[in-house]
Structure formats: C-alpha cells, structure tokens
Amino acid sequence: MSVITYKCPNCDAGLAFDPDNGKFVCDFCKSSFEEQVLQDKEKQAAQEGQTRPEESAEQKAQTEQAFGEHSQLYECPNCGAEIIADDTTAATFCVYCHNPVVLAGKIAGSFRPDYLIPFSVDRKRVTDLFNEWCKKKKFMEDDFHSQKQVDNLQGVYYPFWVIDVKANGRLAGTGRKVRTWRSGDYTYTETSVYRVQREGVLDFNDITVTALNKKQINILNGIQPFNMSRLKPFNMSFLSGFLAEKRNIEQEGARVAMEQTVVDGGNALLKGSVGGYSSVSYEDVAITPVNEDWLHVMLPAWMLTYRFRDEDYFFAVNGDTGKVAGRVPVSRKKLAGLFAGVAAGLSALLIFLGWLI
C-alpha cells in the first residue's frame, strides 16, 4: 500500500480523489480512473519488473518515509489542534476554532494510516444537508446558518484503531430449574440443580477505538456507524482536498478500551448461550485476549464548528453514509418572541373568558 500519489496513466500528472464519483481525476488532462484500473496497471508494471506489489519490510520503511515527505503538519496556536494535510496545501484554518493554523513541519512516517474509508459524500451534498437541517431548527441563531458557515465546512479524516481479537472464554456457574404443581390440597415445588460450563474461542472483528484524545471527536458518536467493509489501503491521493487529524493515542493507550469491549462482548456471548433454566448464578467468567491485529484507520466526516457565547456548537456529516448530527445555538431573541406570543395569546384567551363569565 503506497502512500505516493497515483500518477495519471495518460500524462503522468498527479491524480486526486473525487468523492462525487468515487474516481481519481487528473486536473491536467481531465481523465478519470477507477481505483481498480490503477491497481491493475500497478500489478502489470510489477509483473514487468518496474515495481513490487507486495510490501516488504524495506518497502514499508520507504513508504513511511514517503508519507513523511508528502504530508504537512499544521498546529493551531489557539486550541492546539494538530492537522495533517498533503504537501500541496499552502494554508488552512483550524476546523474547531477557525483560526489560521501555522505550518509546523513534516510528520513522522510512523503516523501513516494503514487504511481509510474514502469520502463518498461531496461538498454540494453536505451543503444541501446542512441547509435542510438548519430549516428544521426554528429557534437557531441566524448567524449559524449563513454562507460564511457553509464556506467553513471542512472534510476531515479522524484517526481510530480498528482491532480484530481472538479471546479464550470460560464460564462456570449453577443453573436451577424449578417445577411447581398442585395435588389435592398441597402445592409441591421441585428444584433441580445443574452445573453450567461454557468454554471456547471467541472472535471479535472491527473493534473501533478512538486514537484521538480530544473532546471534539465525541461529535462523531452522532454520525456512526461507519461501514468497515469500505476500507481501502491508505494512499495520499485520498487526502487531496481534505484534512486529517494526527493521532495522539497509541496502542497501549487504547488497550483498556479494547479489552473492556472484549470482556463485555465475551460475557454477553457466553451468558447468552445459557438457556432453559429458571435462574443461573455465575461463579467464574473469564475472557482473555490471545491474539490481536491492530490497524490505524482514518474515518471521514464533514465538520463545522461554531463558537457562540463561550460555547462550542457543531454540525457533522458522515463522509461515507451522509448521516447528520449537530447542536445549534439558540437565539434568545427568537425565544423571547415565542414567549411574548404565548403571553399575548394567553392574555387574549383570559379576556375572552372574562366576557363569557
């Protein structure tokens, strides 16, 4: 999985990913290509001895170095956000506070993602979704729904760890079956006691843990889930026209959340396999991860943040599915108008009732 931008087969210029049609487009000769076509051409070149399709340890080191050379790291002096962009980005703004960001230099190749889900929802569609969503917010601050805010909409890739885990599961407990019947004037109860045991290997796929320690990533909770079947090997071309957040949680920092997910899921699976008893008491339940496969993955979201009266408000769109979430600032003026209208209506009603009494 190369991090070098795909080259146009027709003119050798760089290609950029277009989320509107899901193709790679050449701005120079206006050609467009599906990713499979480009991959087939790479494989053909590999068979001819021009490249090697399999990534060896040496190639991995080279592609990490290329990622470092073809990406830029920006820092926001106001809120501290660290943003990754491709090396064609001359300047940008902070997604969260809209302040200009400062070029901080290159980023280490070890931060290169393994996979990402490309944007499939383009800016025009996001703008339409934003306008439709705002029309439903009757008491929203007017400035939130403006052309200025539309211009601030930004596509951002967010970092996550996606983990496949195999775990050994063990459960032991006591099950009871209670049978009650009546004979004559007497009621009889029979309790049968059984030993309950479960043991086996549990598979967990696509456990997703955030790789960013920042409150803003909580925004993504409202637009999940992401379709992990659409993951593609990372290529710098996908970053063209978009930004990315630099991860600041490594595997060890994400391990507690991963293990908790495995334990909770394992408990549910093992206990869910026990049935047919009136009651069950568990004495020993143990879930132990034995094999883990970690991937650094970037997931796409369109983001808009708005600062109003010292509070942050946001609008977010899943860059793959188009699911919308957000929180808007409420206009005190509009609320006052509502209360005034209610008060006037109530007064009129009281006057009318006064004439009837």
Side-chain angles (χ1 to χ4, degrees), residues 1 39 53-57 59-61 63-64 110-118 157-178 191-213 217-218 220-221 223-234 247-300 318 320-321 323:
M1 46 187 159
Q39 290 178 346
E54 298 298 327
E55 187 178 55
S56 64
Q59 278 184 307
K60 183 177 180 180
T63 53
E64 286 185 354
S110 59
F111 284 94
R112 178 197 66 160
D114 299 306
Y115 289 86
L116 56 68
I117 296 179
Y157 286 105
Y158 285 92
F160 287 83
W161 293 107
V162 176
I163 314 109
D164 291 343
V165 180
K166 285 186 180 294
N168 290 330
R170 184 182 72 254
L171 174 150
T174 301
R176 291 175 173 80
K177 291 184 179 180
V178 179
T191 301
S192 302
V193 181
Y194 301 86
R195 187 64 177 167
V196 177
Q197 289 184 310
R198 297 289 188 272
E199 189 170 343
V201 177
L202 307 174
D203 286 326
F204 299 89
N205 297 319
D206 296 336
I207 296 175
T208 305
V209 180
T210 176
L212 184 64
N213 183 19
I217 205 167
N218 294 331
L220 302 187
N221 293 336
I223 60 173
Q224 293 198 46
F226 290 86
N227 185 359
M228 294 302 174
S229 67
R230 289 177 52 80
L231 284 174
K232 292 181 177 292
F234 178 78
R247 76 171 190 259
N248 60 12
I249 297 178
E250 299 305 316
Q251 291 185 15
E252 285 308 308
R255 182 169 298 279
V256 172
M258 178 274 289
E259 290 179 346
Q260 189 62 55
T261 300
V262 170
V263 169
D264 292 345
N267 278 332
L269 287 171
L270 290 177
K271 292 179 179 179
S273 69
V274 178
Y277 300 100
S278 302
S279 64
V280 181
S281 58
Y282 297 103
E283 300 148 12
D284 179 30
V285 181
I287 312 295
T288 307
V290 293
N291 189 39
E292 305 165 11
D293 183 19
W294 291 69
L295 293 175
H296 175 207
V297 170
M298 290 288 193
L299 302 180
N318 187 310
D320 179 44
T321 67
K323 185 177 180 180

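For this chain, numbers begin at 1 and follow the sequence in order.
- The shortest side-chain heavy-atom distance between Asp293 and Ile163 does not fall under the 4.5 Å cut-off.
- Considering NZ of Lys177 and OG of Ser192, their distance stands at 8.0 Å, rounded to 0.5 Å.
- Atom CZ of Arg230 and atom OH of Tyr115 lie 15.5 Å apart (nearest 0.5 Å).
- A distance-only check finds a donor-acceptor pair linking the side chain of Asn318 to the backbone of Ile223 [under 3.5 Å].
- When all heavy atoms of Pro300 and Pro118 are compared, the pair lying nearest together is CG-O, 4.1 Å.
- You'll find the side chain of Tyr158 reaches within 4.5 Å of the side chain of Leu220, heavy atoms only.
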Applying side chain to side chain contact (heavy atoms under 4.5 Å, CB included), run through Asn205 and Met228 and close with a yes or a no.
-> CA-CA 10 Å; Asn205 297 319; Met228 294 302 174; over 6 Å; no
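- Phe160 has its side chain out of reach of Arg247: every pair of non-hydrogen atoms, C-beta onward, lies at least 4.5 Å apart.
- In this structure, the side chain of Arg198 engages the main chain of Ser273 through a donor-acceptor pair within 3.5 Å.
- For Thr174, the side chain to side chain donor-acceptor pair (under 3.5 Å) criterion is met by Glu283, not counting sequence neighbours.
- The minimum heavy-atom distance linking Phe204 with Ala167 is given by the pair CE1-CB, 4.3 Å.
- Annotation: the span from Leu270 atom CG to Leu202 atom CG amounts to 5.5 Å, rounded to 0.5 Å.
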Residue pair Ile249, Leu212: steps toward the side chain to side chain contact (heavy atoms under 4.5 Å, CB included) verdict | CA-CA 6 Å; Ile249 297 178; Leu212 184 64; 5.7 Å; no
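- Heavy atoms only, all atoms of each residue included: Val209 and Ala257 are closest at CG1-CB, 3.9 Å.
- Between Tyr282 and Lys271 the shortest side-chain heavy-atom distance falls below 4.5 Å.
- Using a 4.5 Å heavy-atom threshold, the side chains of Pro289 and Lys166 count as separate.
- Going from atom OG1 of Thr261 over to atom CD1 of Ile287 covers 13.0 Å, rounded to the nearest 0.5 Å.
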Residue pair Phe226, Thr208: steps toward the side chain to side chain contact (heavy atoms under 4.5 Å, CB included) verdict | CA-CA 10 Å; Phe226 290 86; Thr208 305; over 6 Å; no
Check the pair Glu292, Met258 against side chain to side chain contact (heavy atoms under 4.5 Å, CB included), reporting the backbone distance first and the verdict last.
-> CA-CA 10 Å; Glu292 305 165 11; Met258 178 274 289; 3.7 Å; yes
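- For Pro113 against Met298, the heavy-atom pair with the smallest separation is CG-CG, 3.6 Å.
- Between Asp164 and Ile207 there is no side-chain heavy-atom pair separated by less than 4.5 Å.
- The shortest distance between side-chain heavy atoms of His296 and Phe234 does not fall below 4.5 Å.
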